[in-house]
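Accompanying notes for the structure given below.
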Protein chains: 2
Amino acid sequence: MTAMTKTKGATALPLNTILSGDCIEQMNALPEASVDLIFADPPYNLQLKGDLHRPDNSRVDAVDDHWDQFDSFAVYDRFTRDWLKAAKRLLKPNGALWVIGSYHNIFRVGAALQDEGYWILNDVVWRKSNPMPNFRGKRFTNAHETMIWASKSEGAKYTFNYEALKALNEGVQMRSDWVLPICNGGERLKDANGDKAHPTQKPASLLHRVLVGSTNPGDVVLDPFFGTGTTGAVAKMLGRDFIGIEREAAYREVAEKRIASIRPFDRSSLEVTRAKRAEPRVPFGQVVERGMLNPGEMLVSSSGKSAKVRADGTLIGDEVKGSIHQVGAQLEGAPSCNGWTYWHFKREGKLVPIDVLRQQIRDEMADRPN
Amino acid sequence: MTAMTKTKGATALPLNTILSGDCIEQMNALPEASVDLIFADPPYNLQLKGDLHRPDNSRVDAVDDHWDQFDSFAVYDRFTRDWLKAAKRLLKPNGALWVIGSYHNIFRVGAALQDEGYWILNDVVWRKSNPMPNFRGKRFTNAHETMIWASKSEGAKYTFNYEALKALNEGVQMRSDWVLPICNGGERLKDANGDKAHPTQKPASLLHRVLVGSTNPGDVVLDPFFGTGTTGAVAKMLGRDFIGIEREAAYREVAEKRIASIRPFDRSSLEVTRAKRAEPRVPFGQVVERGMLNPGEMLVSSSGKSAKVRADGTLIGDEVKGSIHQVGAQLEGAPSCNGWTYWHFKREGKLVPIDVLRQQIRDEMADRPN
DNA sequence: AAGGTAACTGAATCTAGGG
DNA sequence: GCCCTAGATTCAGTTACCT
């Protein structure tokens with residue numbers, strides 16, 4: 001995959017490239033509402049050495065040796081709010097954000113993103129199967145990190161590939177705790193000396209689950225703390241476009257090389273289980289129009305209720321009439337009802353759900369769309 | 001255990017009683033630096049909107065109590081800072097605090113307690129083995145809650161019973177993620193109508209681990225959001241003193257009755273924690289934590305030796321103590337011993353090997369690894 | 001009595017799209 | 001924007017009831 005651009009208004013989007021410099025500045029230089037997902041792995045360390053910059057590129061005062069806890073938190077909070085603000089501007093209305101952190105910083109990040117108007121969807125715990133032990137025996141083994149998944153605002157229509165994740169999880173819906181090993185062995189990038197290239201490289205498995213779950217192929221994923229580019233590498237594999245931002249030249253170099261050597265999975269393997277919601281909607285009236293059921297025919301439910309089909313595709317039962325859903329709900333005293341699975345007709349002595357008729361229509365539509 | 005007081009300066013400490021009224025006022029009326037541990041389960045500020053129905057159309061019984069309603073984050077933050085301040089004043093210099101919450105509130109609580117000068121020691125994730133699913137398939141199953149463990153200040157000499165917790169976990173140091181079932185079945189307290197007495201009762205197994213890990217017998221444990229008194233019940237079982245604060249008279253009544261019926265290490269606690277976990281290796285500590293065997297119960301071997309179960313899942317016999325395996329080996333003068341088949345407990349006059357308890361746990365786990 | 005099935009439940013920020 | 005309707009969606013239990 002080569003670097004390319006998508007235009008949005010007057011500004012081009014530098015897809016599949018790594019931008020250098022301060023992430024807040026760089027984000028503010030990109031066109032607003034242009035990114036589908038942001039994955040952020042911000043610095044955890046609160047003992048900042050004065051390398052924080054505001055959006056206007058002014059330097060945040062250093063936390064020197066005499067730093068006091070409150071000042072330090074205040075500086076970190078300002079930095080956090082600044083990059084969260086820049087990130088929010090970049091996101092499309094239905095975009096979403098992931099942030100990962102530990103107890104040192106995640107509470108401040110979480111509070112800040114709520115304050116900035118993001119809407120938390122889940123907190124997800126990465127449960128490390130092979131964490132570093134607590135050598136001094138003074139605390140619990142720090143065996144997890146926390147991720148926050150948030151939409152740009154309350155009510156936004158975020159992407160969530162529920163069925164795909166359920167399939168990943170042996171048919172059971174994915175939980176908010178993910179058991180995954182840390183990044184080591186051959187996956188861990190090394191520099192020329194054989195030392196680890198980056199102190200906090202995240203496992204690709206983590207990004208895999210994030211991107212499969214909350215993006216679609218072709219989406220634009222931005223990582224403002226790109227490091228050695230795990231986000232970009234997995235995005236490329238999965239057929240998503242990425243934008244990385246990283247200040248350190250050494251990390252950028254490693255990331256460039258790493259990503260260049262990756263080839264995306266072929267398109268067909270990127271297809272994931274589709275939700276039923278994505279199927280075209282079929283009005284029950286079509287079933288009648290096509291003569292698959294005739295006006296006057298009786299439908300029955302498993303619970304023994306019955307209703308008669310009318311010419312306009314509505315049902316009439318005992319003192320109730322309306323759509324297949326409305327009549328089902330009323331007869332059951334339920335808040336709602338899926339008439340397609342509730343109602344059955346008789347064929348050769350057997351009860352068949354009317355949903356099979358809908359499926360017939362859908363199959364025909366698939367053969368010759370429009 | 002009857003209500004008694006310890007004097008600290010001029011003011012008495014109302015041990016093993018439930019105070020009524022606002023927790024901040026009540027805490028401020030107690031003598032400063034008098035409490036060893038505070039366990040707090042504050043309102044989560046869930047912000048639920050409409051009704052939620054299961055796919056079978058049954059309605060989910062939401063936590064919509066008045067005490068969980070706050071007008072804004074600002075109001076919630078003020079409330080949080082106020083009770084954290086009062087709690088800090090109450091703690092002894094080497095005291096510690098636990099808070100539990102969900103993503104709705106825990107980030108705000110965590111940031112606030114850092115701002116108030118508490119020093120976070122760990123965040124601990126309670127991974128629920130049987131959480132409520134996400135019925136609409138729009139998010140990840142909300143399968144965990146987060147606890148923050150913090151000392152009163154940086155550098156404080158907090159209590160941490162590393163060896164006891166390690167023993168509870170069969171010789172491996174305790175991690176920051178705990179797999180425990182939610183509070184249901186016989187453990188769940190019901191009111192006269194058979195409805196749950198409190199919407200958010202916590203499992204005793206959770207408190208067991210907290211108190212064994214971060215207090216010593218005779219310590220004073222305060223819970224400012226006492227509810228139906230799980231903290232007090234477990235504290236009493238484990239020989240710790242408690243102070244509860246609760247505004248709602250109905251909850252206080254249930255808690256009083258509940259705690260009165262508890263005797264330290266009594267058999268009645270057996271039905272309190274029928275826990276399940278999901279690790280292939282079953283530590284004997286789990287058997288104790290789950291209440292399948294109680295601290296103080298005697299185990300016997302076929303050869304006539306005996307030993308007593310301790311709260312941390314170790315045994316104590318004649319001049320020997322340690323794991324079920326170590327104690328068995330020492331008593332037999334053998335190089336090793338399988339404690340699971342060596343030790344037996346009495347049920348209905350018969351000797352039953354403790355291995356059947358492990359098998360019970362494994363059977364429960366078999367269907368859902370992790 | 002034992003065994004099998006149906007009903008019920010849990011700290012939940014739980015829809016999408018057309019008119 | 002709002003309003004209305006179609007119609008999609010659950011896991012690990014425990015308790016109650018039936019044969």
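Proteins come first, then strands; the chains are lettered A, B, ... in the order of their sequence lines, and each starts at number 1. Keep in mind that the numbers below use all heavy atoms, side chains included, and drop hydrogens, waters and symmetry copies.
When heavy atoms are screened at a 4.0 angstrom cut-off, Asn142(B) is found touching the sugar-phosphate backbone but no base atom. Counting any heavy atom pair closer than 4.0 Å across all strands shown, Gly50(B) reaches a base atom. Nucleic acid contact class of Glu154(A) (heavy atoms, under 4.0 Å, all strands): none. Residue contacts for Val172(A): at a heavy-atom cut-off of 4.0 Å it reaches the sugar-phosphate backbone alone, with no base atom in range. Base engagement by Pro131(B) is indicated by at least one non-hydrogen atom pair under 4.0 Å involving a base atom. Across all strands, Thr200(B) comes closer than 4.0 Å to base atoms (heavy-atom distances). At a threshold of 4.0 angstrom between heavy atoms, the contacts of Asp68(B) include nucleobase atoms, whether or not backbone atoms are also involved. Among the atoms of the strands shown, base atoms are found under 4.0 Å from some heavy atom of Asp41(B). As judged by a 4.0 angstrom heavy-atom cut-off over every strand, Lys276(A) is placed among residues touching the sugar-phosphate backbone only. Nucleic acid contact for Trp340(A): sugar-phosphate only, since backbone atoms but no base atoms lie under 4.0 Å from a heavy atom of the residue.
Within the 3.5 Å criterion, the main-chain N or O of Asn193(B) finds a donor-acceptor partner in the side chain of Asp191(B).
Sequence neighbours left out, the pairs with a member in residues 146-157 of chain A that pass side-chain hydrogen bond (donor to acceptor under 3.5 Å, both in side chains) are Glu154(A)-Lys49(B).
Protein atom CZ of Phe135(B) is 11 Å distant from nucleotide atom C1' of dA12(D), rounded to whole Å. dA12(D) atom C1' lies 10 Å from atom CZ of Arg175(A), rounded to whole Å. With rounding to whole Å, Tyr158(A) atom OH is found 8 Å from dC14(C) atom P. Rounded to whole angstrom, the span from the CD atom of Glu279(A) across to the P atom of dA6(D) amounts to 19 Å. Rounded to whole Å, atom C1' of dA16(D) lies 16 Å from atom CG of Asn184(B). Computed from coordinates, the Asp51(B) CG to dT9(D) P distance equals 21 Å when rounded to whole Å. Atom CD of Glu187(B) and atom P of dT9(C) are 18 Å apart (whole Å). One atom, CZ of Arg127(B), and another, P of dG10(C), lie 23 Å apart when rounded to the nearest Å.
The residue among Gly137(B) and Val63(B) whose nearest nucleotide of DNA chain C lies closer to the 5′ end is Val63(B). Where Arg136(B) and Met132(B) meet DNA chain D, the nucleotide closest to each residue was compared, and Arg136(B) sits on the side nearer the 5' end. If Pro283(A) and Thr141(B) are placed on DNA chain D by their nearest nucleotide, the residue sitting closer to the 5' end is Pro283(A).
Annotation: side chain to side chain contact (heavy atoms under 4.5 Å, CB included) contacts of Glu116(A) (sequence neighbours excluded): Arg81(A), Leu84(A), Lys85(A), Tyr118(A). By the salt bridge (charged side-chain N to carboxylate O under 4.0 Å, His left out) test, Asp123(B) is found to be paired with no residue, residues two or more places apart in sequence or in another chain being considered. When the ring pair (Phe, Tyr, Trp, His ring centres under 6.0 Å) test is applied to Trp119(A), no partner is found at least two apart in sequence or on another chain.
A side-chain donor-acceptor contact under 3.5 Å links Arg258(B) and Thr230(B). For Ser323(A) and His325(A), the side-chain atoms include no donor-acceptor pair closer than 3.5 Å.
A sub-4.0 Å separation between OP1 or OP2 of dT10(D) and a side-chain N or O of Lys166(A) is present. Contact between the side-chain N/O atoms of Arg59(B) and the OP1/OP2 oxygens of dC14(C) is not found at any separation under 4.0 Å. An OP1 or OP2 oxygen of dA12(C) is reached within less than 4.0 angstrom by no side-chain nitrogen or oxygen of Tyr44(B). Within the structure, a side-chain polar atom (N or O) of Lys138(B) is placed less than 4.0 Å from OP1 or OP2 of dA16(C). Checking the phosphate oxygens (OP1, OP2) of dA6(D), no side-chain nitrogen or oxygen of Arg358(A) falls inside 4.0 Å. For the pair Lys196(B) and dG10(C), the criterion of a side-chain N or O lying under 4.0 Å from OP1 or OP2 is met.
Closest approach of Met174(A) to Asn169(A), counting heavy atoms only: CA-ND2, 3.8 Å.
Counting heavy atoms from C-beta outward, Trp178(A) and Val124(A) have side chains that approach closer than 4.5 Å.
Atom P of dC14(C) sits at a distance of 23 Å from the matching atom of dG7(D), rounded to the whole Å. Between dT15(D) and dA11(C), the distance separating the two C1' atoms is 23 Å to the nearest Å.
Using a cutoff of 4.0 Å between basic side-chain nitrogens and carboxylate oxygens, Arg175(A) and Asp177(A) are scored as salt-bridged. Ion pair Arg108(B)/Asp115(A) flagged as a salt bridge, since at least one NZ, NE, NH1 or NH2 atom sits closer than 4.0 Å to an Asp/Glu carboxylate oxygen.
Comparing dA11(C), dT9(D), dA12(D) by their nearest atom to the side chain of Glu163(A) picks out dT9(D). Here the nucleotide nearest the side chain of Arg54(B), chosen from dA12(C), dT9(C), dC14(C), is dT9(C). Side chain of Gln173(A), nearest nucleotide from dA12(D), dT10(D), dA12(C): dT10(D).
A cation-pi arrangement, defined by a distance under 6.0 Å to the six-membered ring centre and an angle within 45 degrees of its axis, is absent between Arg247(B) and Trp67(B).
Counting distance only, with no hydrogens placed and no angle test, the side-chain atoms of Arg277(A) and the base atoms of dG17(C) include no donor-acceptor pair under 3.5 Å.
Shown for residues 322-338 of chain A: no residue has heavy atoms falling under 4.0 angstrom of DNA chain C.
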Checklist entry - So what's the dot-bracket for DNA chain C: Watson-Crick or G-U pairs under 3.5 Å, [ ] if a pair crosses, | if it pairs off-strand? => result .|||||||||....|||||

